[in-house]
Amino acid sequence: MDADDPLAAYNKRRRPPMDLYRRHRPVHGGAGHLRPDEPRVLEEWTGFVYEVVGTAPSLAAAQEWGNELQIDDSAT
């Protein structure tokens, strides 16, 4: 933590668990790698909780959506 930043501890707590800003989970629960053709719930970190932002028709589409943020950040 930065000793000069009075909000350093607060900002650290606002980071998402395991630094995942986007995640996807199977609609009907279970392990994420099973049943790759079933729909997925898409969630984004708001700074406090994960919020549902949509669905994807399959595991491949959900993974593509999750990787978009990483690609956009590396381009800048």
Side-chain angles (χ1 to χ4, degrees):
M1 273 193 296
D2 183 7
D4 296 330
D5 184 4
L7 298 176
Y10 173 75
N11 289 332
K12 182 179 179 183
R13 286 193 307 269
R14 289 198 55 185
R15 286 196 325 236
M18 298 177 41
D19 288 332
L20 290 173
Y21 288 90
R22 286 182 166 183
R23 71 180 185 183
H24 53 85
R25 300 186 309 164
V27 170
H28 302 292
H33 66 285
L34 298 177
R35 300 180 309 274
D37 295 330
E38 289 188 4
R40 301 294 196 258
V41 174
L42 307 176
E43 301 175 325
E44 284 187 343
W45 182 252
T46 66
F48 297 100
V49 297
Y50 282 102
E51 188 173 279
V52 175
V53 294
T55 60
S58 67
L59 175 59
Q63 289 174 331
E64 184 178 322
W65 171 84
N67 291 330
E68 283 177 4
L69 185 62
Q70 294 173 357
I71 293 168
D72 290 343
D73 287 346
S74 65
T76 58

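For clarity, every value in this text was computed on a predicted model and none was experimentally measured.
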Transitively linked via ILVMFWY side-chain contacts under 4.5 Å: Tyr50 with Tyr21?
-> yes
Does a side-chain heavy-atom distance below 4.5 Å link Glu44 with Arg22?
-> yes
Which atom names give the shortest non-hydrogen contact between Ala31 and Pro26, and what distance separates them?
-> O-CG, 3.7 Å
Heavy-atom closest contact (Val53 atom, Trp65 atom, distance) = CG2-CZ2, 3.6 Å
With the side chain counted from C-beta on, respond yes when Ser58 and Glu38 share a heavy-atom pair under 4.5 Å apart, and no when they do not.
-> no
If every non-hydrogen atom of Thr46 is compared with every non-hydrogen atom of Glu51, which pair is closest and at what distance?
-> CG2-CB, 3.6 Å
Going hydrophobic residue to hydrophobic residue with side-chain gaps under 4.5 angstrom, can you get from Val27 over to Val52?
-> yes
Under 3.5 Å: donor-acceptor pair, side chain of Arg40, backbone of Gly32 = yes
